[in-house]
Amino acid sequence: MDYQFRDIEKKWQQFWAENETYKVSNNSPKPKYYVLDMFPYPSGAGLHVGHPLGYIASDIFARYKRLKGFNVLHPMGYDSFGLPAEQYAIQTGQHPAITTETNINRYRQQLDNIGFSYDWSREVRTSDPAYYKWTQWIFMKLFNSWYNLITDIAEPIQNLIKTFETSGNIGVQAVADEDVYQFSANHWLQMSETERQRILLKYRLTYLRESTVNWCPALGTVLANDEVKDGFSERGGYPVEQKKMMQWSMRITAYAERLLQGLSTIDWPEPLKEMQRNWIGKSVGAMVDFSLSLTPVLSKEEGTKGEGFEKLGYQTADPAIWEILKQNSKANRQNQTEAESELWQYLQGSKIGYKISRQHAVGTYIADFICLSKGLVIEVDGGYYDTNSENDKLRTNALNQLGFEVIRFQNDEVITNPNAVAQQIKQMLNNLPDRKVLSFEEDLGEANSFSFGEGRAEAITVFTTRVDTIYGATFLVLAPEHELVEKLTTPDQKKEIENYIAQTKKKSELDRMADTKSVSGAFTGSYAFHPLSEKEIPIWIADYVLAGYGTGAVMAVPSGDQRDWLFAKKYNLAITAISDAQKDLNQQADPTKEGRYINSDLINGMTYAEASKALIKKLEETGAGKAKINFRLRDAVFGRQRYWGEPVPLYFKDGLPYLIKESEIPLILPEVDKYLPTESGEPPLARAENWRYAPVQKVLSFGEDLREATSLSEGENRVEAQAFDYELSTMPGWAGSSWYWYRYMASTEDRNENVFAPNKAIEYWKDVDLYIGGSEHATGHLLYSRFWNKFLKDLGYVGEEEPFKKLINQGMIQGRSNFVYRLIDNDGLSTNTFISHGHISKYKTTALHVDVNIVHNEILDIEAFKNSRAEFNDAIFIFEDAKILNSLSKGESRGETYICGHEVEKMSKSKFNVVSPDDIIEKYGADTLRMYEMFLGPLEQSKPWNTNGIEGVFKFLRKFWKLYHDDDFNFRVSDDEPTKAEYKALHKIIRKVEEDVERFSFNTSVSSFMICVNELTDLKCHKKKILQQLVIVLHPYAPHITEELWTLLGNKDGTLSFAEYPKFISEYLVENEFAYPISVNGKTRMNLNISLSLTQAEVENIVLNNEHIQTYLDGKNPRKIIFVKGKIVNLVV
RNA sequence: GCUCGGAUGGUGGAACUGGUAGACACGCAGGACUUAAAAUCCUGUUCGCCCUAAAGCGAGUGCGGGUUCGAUUCCCGCUCCGAGUACCA
């Protein structure tokens, strides 16, 4: 029989499914190999021909590795939480779980049709409670971990608590929030539970943080960057604004250095690694403080709100400038005046009955001594600070506003009689009531009511990678969101600043970054001191500075930075040249590092390297700055105000988050009446009825149906009074995909065990050997996955530092749209006449998308077109060869070809250019589809889809089939000994496929298969010794036809997948002659067959004596003869 | 702006470390088979010149230079296309 692909493919797909041919065992003597595809989101549109490109490549690789004797894990599953299903649910009311299920079923059917060798028993779905139980579990582990910089790994939070209990956080080096302050073990032990939790949250690897989001008030929801177009929501076109919101974040920044270092250990495409490097964005530079002028800005607000902590208020410092305060207070402690140290002898260790701290940050400055429990500040004047009665008054005022009393002593007073002073203090404390302290955390606005101006206590910190340009810094620019903006704004400038901030709010971060041509900003009215020149420089705000990068403030060096230059030009600010190599500064900035510095005081005449070093040294000496490694990577926002995602296994008690018990996961996604936010703008989960956390007395065990586990059964008690609110946001799309490759390692039996994947399985499979997917995941999925992997490794759950050893990017398959051209008549109206592409220049036409499925090689299927829409039923055509048309009488159809136009666009329904693999398979079969997608070109290159060459691939398979059959399609192979030529053809392809597969060059092996089959056809080869091996070699590419032939050759059904790949024998390829191209001056003139065993002299002799060559030499002797054995002979005349 | 990738016949592409540019396939043209069509098979097919044809000559891998006996491949400069990114912080 002729090649009956439909029957064959159905038969074998069924066979593989029924026999679980590709079910893989975790116990095998064979070496392991793990081939993984980036798993798909099951969209409603189904698979299009672009999707399988990578899957086919990985399947070929997996099948090839099986033939090479590996135990291959090749699984597939679905990233089934996501926005589209939720969008659809909002529109139709249909539960996302239902649409997702439908879509998955369709995907599965389509995937099955292509003949993939997936182990479907290991399928995962991220939206399955049995799966997301473990996503939640990892979240809990993250919540219960902190990053220890000393050991450079994540550790359980219990370790940290133990340290706190014994020595407070002194000596703890952790990646934590900026605003942690120092406390001792004693302090820790005195803290309330709430207080401790609040502190721990600053260390946890997942924590609450305020982040800026695209908020759409009309939709009541947060939008992704790509859902926002020019400040309006893509859906509905409503205005979008930037809003700050408390959100769950993941401390991925803790891993920045390791994420960066790991890149050099993995075999990924260089551009992809480069993308991650840029995203992580390590820069070595300096933090520099620009201290603020002593202009006090007192709040007009009165008093305090009286809100605060019940217990001791340690958190008295303004978190915005905590870093500076901390350093300065440390420095002050070391530089105490005589009077201060004298007095301290009488106050320390609660000698007067009250605990006194010294050099303690309060608000925005540092108090000499303080008693926190009573709220008394003790100042010794004439010490570190200059006596300045006006400033003292302002400070006293500000402290009073915060609920502090202030008592002042003179230096002399203290030195002459310290004991008397101490007693005076004690007496005052006795008379004071216990204090209630306002927390800065709870109301940052209050911080504004403090006076400025305690020496260096107030400063703007900038990060710069070009500290060498510091003398060129003529102004500072803050992000409009910077915490200090409000404080710095003088009354005169208030209006302007507010207007500008309102204007920026409308712009998305993306817009702000993209616009480099124009700059805008506003002046705050305040000035800062340049840390080296001590000159006053103005402070501006501008939206080209982003709050999330660095410190949200930059020192502007207009001579060296183009944006600063533009800004300086626009607002008429000074531009100071700093290097003798800078050119054309009136035209543009010049960021050169060449030359010697000028106008730069300390570093004049130095080179770049010298200057940077000298400056850092100086800044560190004066305490105004220090060298700093900065990463651009930001902590990842983890919460989504959506329904269709993993619930976060947390509840809130006293405003603080607590994990539910590990035995209580999975926390099942509850049912809601609508998939929209509530009227009050809360996420959809707020709609769930009775969805509150009530700790259960009895520990539940998880039965087969996990859903059951969280609903109450008889006898179990949840006390309603104890019910707490759950976290209402859900996890982002990347949560479920950040660890899924481990779930695949667990066999079906393993999944009953209460672990995400058993140790034994993880130890066996280790990591993914080959990962195939698109480069669009470069900075999302691939970074987060590496992060979670490292985290799981730190806690000892997995063994490998990097999860994906080798990665290949597949290119995108674009759509190729076809167009017909509708004639526009003289009145500008559309007609029903269509002009063939060759004639459109002569007419006025409009292009209409036409379904690519009725166009073949640009020729329109006229009948199909007429039937596609009622209005085309009686369409008139002006064909490509219009002469023929004119000479034909009506009804004749000969030679009518309508040529369509074409364009490359994204593949989408609306462009009528979506090609489903189903149609191709129906017409040509899965083997043809597989080979054709590979034949299309290099895997990693993007290319438009077209079916122009598919006939050739199909013909190849038929030709291949015919090798095993006679002219009447009876199966016929002989046992004759093959000829040398036949062996040669076979071994050429054996080697070629090995080479090509190893370097993922699948397109070239398809061509080589064609050459091989052409050769064997020409040789009329029907010999089993050749053809049986050929079946194995082709099997990874065309599994169905080869299975069928394998059986016909007398082998056992289904054994082909595990057959042994033929051994390449080089002897068959040895040539003793080569047709040398003979070139004269590099130009090939002729070919000569010369034995490969001859020496150079012998070859030269033959060539020079050749008559034909002599005509090119014109009787001259060649100046030089180039001879490369087996390659070329070149005569230089 | 920066970074990365790419540009080869009518089309997809091949040429792996500098060594016969255009393999393989599509399309197209011509032919065979057929009443005809489909299918199949054969021949030709980078362009230009010359030409009945053969043979030959010239040009040619986005453009302009360079290195080399020899460049699609290496170097310098540019153009266009695609992707990523916000650069300096």
Side-chain angles (χ1 to χ4, degrees), chain A residues 2 269-275 277-279 281 283 285-288 462-467 469 477 479 509-510 512-517 544-546 549-557 560-565 589 591 630 632 774-776 778-779 809 811-812 814 856-859 902 904 932 935-938 940-956 958-959 962 995-996 999 1001 1003-1014 1075-1087 1118-1124 1126-1133:
Chain A
D2 200 351
E270 206 44 55
L272 183 67
K273 290 207 251 184
E274 201 55 33
M275 250 185 256
R277 279 190 200 108
N278 289 337
W279 189 266
S283 52
M287 299 290 274
V288 182
V462 303
F463 176 72
T464 175
T465 51
R466 287 294 303 274
V467 69
T469 65
V477 189
E509 192 168 287
L510 222 69
R512 282 169 60 175
M513 294 186 294
D515 187 8
T516 55
K517 297 259 150 54
Y544 73 85
V545 176
L546 300 174
Y549 288 139
T551 59
V554 301
M555 62 176 208
V557 182
D561 182 282
Q562 186 58 22
R563 276 181 327 190
D564 295 343
W565 187 90
N630 209 47
R632 183 154 67 235
S775 59
E776 68 270 22
T779 49
N809 277 137
M812 221 201 303
Q814 294 146 309
H856 307 284
N857 295 319
E858 319 305 349
I859 298 168
H902 66 87
V904 172
Y932 182 62
F935 183 66
L936 221 45
E940 65 280 4
Q941 238 165 64
S942 285
K943 56 231 151 193
W945 175 259
N946 73 75
T947 51
N948 288 349
I950 199 163
E951 291 281 345
V953 174
F954 183 67
K955 274 191 224 167
F956 154 76
R958 286 194 64 199
K959 221 167 162 180
K962 280 179 82 174
E995 286 173 354
D996 285 354
R999 63 188 174 104
S1001 173
N1003 55 326
T1004 48
S1005 33
V1006 176
S1007 296
S1008 303
F1009 276 123
M1010 290 173 173
I1011 293 169
C1012 175
V1013 167
N1014 288 347
Y1076 279 95
I1078 314 298
S1079 47
V1080 178
N1081 289 337
K1083 206 158 279 214
T1084 310
R1085 292 301 174 179
M1086 64 177 300
N1087 283 27
R1119 197 154 48 88
K1120 195 174 169 190
I1121 299 174
I1122 314 286
F1123 172 73
V1124 183
K1127 292 268 187 196
I1128 201 167
V1129 179
N1130 188 15
L1131 309 175
V1132 187
V1133 186

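Remember, predicted model here, so these are calculated numbers, not experimental data. Just so it is clear: chains get the letters A, B, ... in the order the sequence lines come, proteins before strands, and each one is counted from 1.
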Separation of [X] atom [atom1] from [N] atom [atom2], in whole Å?
X: A:K959; N: B:rC42; atom1: NZ; atom2: P; answer: 6 Å
X: A:F1009; N: B:rA14; atom1: CZ; atom2: P; answer: 17 Å
X: A:I1128; N: B:rG19; atom1: CD1; atom2: C1'; answer: 4 Å
X: A:K943; N: B:rG5; atom1: NZ; atom2: C1'; answer: 14 Å
X: A:Q941; N: B:rA83; atom1: CD; atom2: P; answer: 15 Å
X: A:E940; N: B:rG82; atom1: CD; atom2: P; answer: 20 Å
X: A:E274; N: B:rU85; atom1: CD; atom2: C1'; answer: 12 Å
X: A:F956; N: B:rA23; atom1: CZ; atom2: P; answer: 19 Å

Compare side-chain N and O positions of [X] against OP1 and OP2 of [N] and report whether any pair is under 4.0 Å apart.
X: A:N278; N: B:rC4; answer: no
X: A:N1003; N: B:rA14; answer: yes
X: A:K1127; N: B:rG18; answer: no

Query raised in the report: Using a cut-off of 4.0 Å on non-hydrogen atoms, how would the nucleic acid contact of A:F935 be classed: base, sugar-phosphate, or nothing?
Result: base
Requested in this report: Could you tell me whether A:R958 contacts a base, only the sugar-phosphate backbone, or nothing, with contacts defined as non-hydrogen atoms closer than 4.0 Å?
Outcome: sugar-phosphate
[atom1] atoms of [N] and [M], separation to the nearest Å:
N: B:rG62; M: B:rA71; atom1: P; result: 15 Å
N: B:rU68; M: B:rG56; atom1: C1'; result: 29 Å
N: B:rA23; M: B:rU8; atom1: C1'; result: 13 Å
N: B:rG70; M: B:rA59; atom1: P; result: 15 Å
N: B:rG84; M: B:rC26; atom1: P; result: 35 Å
N: B:rU72; M: B:rG6; atom1: C1'; result: 13 Å
N: B:rU45; M: B:rC81; atom1: C1'; result: 29 Å
N: B:rA21; M: B:rC47; atom1: C1'; result: 14 Å

Using Watson-Crick or G-U wobble geometry with both distances below 3.5 Å, tell me the partner of [N], or none.
N: B:rG27; answer: B:rU45
N: B:rC78; answer: B:rG62
N: B:rU73; answer: none
N: B:rU85; answer: B:rG1
N: B:rC50; answer: none
N: B:rA55; answer: none
N: B:rA32; answer: B:rU40
N: B:rU68; answer: none

From [options], pick the nucleotide closest to the side chain of [X]?
X: A:R999; options: B:rC26, B:rC16, B:rC69; answer: B:rC16
X: A:N946; options: B:rC4, B:rA25, B:rG12; answer: B:rG12
X: A:P938; options: B:rG5, B:rA14, B:rG84; answer: B:rA14
X: A:W279; options: B:rU3, B:rG19, B:rA86; answer: B:rA86
X: A:E995; options: B:rU20, B:rC16, B:rG19; answer: B:rC16
X: A:E951; options: B:rC24, B:rC26, B:rG5; answer: B:rC26
X: A:V1132; options: B:rC69, B:rG12, B:rA23; answer: B:rC69
X: A:L936; options: B:rG27, B:rU20, B:rG12; answer: B:rG12
X: A:T1004; options: B:rC16, B:rA14, B:rC69; answer: B:rA14

Query raised in the report: Looking at side-chain heavy atoms only, is the closest gap between A:V554 and A:T464 below 4.5 Å?
Result: no
**Report entry** Beyond-backbone contact of A:K962 with A:D2, side-chain heavy atoms, under 4.5 angstrom
**Finding:** no
Query - Pair A:Y932 and A:F954, ring centroids less than 6.0 Å apart - result: no
Query raised in the report: In terms of side-chain heavy atoms, does A:T1004 have a donor or acceptor partner in A:S1001 at a distance below 3.5 Å?
Result: yes
Query raised in the report: Is there a donor and acceptor pair, one atom on the side chain of A:N1130 and one on the base of B:rC69, closer than 3.5 Å?
Result: yes
Report task. Please figure out whether A:I1011 or A:Y932 has its closest RNA chain B nucleotide nearer the 5' end. Result -> A:Y932
Query raised in the report: Considering heavy-atom distances to RNA chain B, does A:T464 or A:G937 have its closest nucleotide positioned more toward the 5' end?
Result: A:G937
Query raised in the report: Is a donor on one side and an acceptor on the other found under 3.5 Å between the side chain of A:K955 and the backbone of A:I950?
Result: no
Requested in this report: State whether the side chain of A:D996 and the backbone N or O of A:S1005 hold a donor-acceptor pair below 3.5 Å, judged by distance alone.
Outcome: yes
Query raised in the report: Under 4.0 Å between a Lys/Arg side-chain N and an Asp/Glu carboxylate O for A:E951 and A:R958?
Result: no
Query - Taking every non-hydrogen atom, the tightest pair across A:P269 and A:N809 - result: CG-OD1, 3.6 Å
Query raised in the report: Which heavy atom of A:V1006 sits nearest a heavy atom of A:F935, and at what distance?
Result: CG1-CD1, 3.6 Å
Query raised in the report: With syn defined as a glycosidic torsion within 90 degrees of 0 and anti otherwise, which applies to B:rG9?
Result: syn
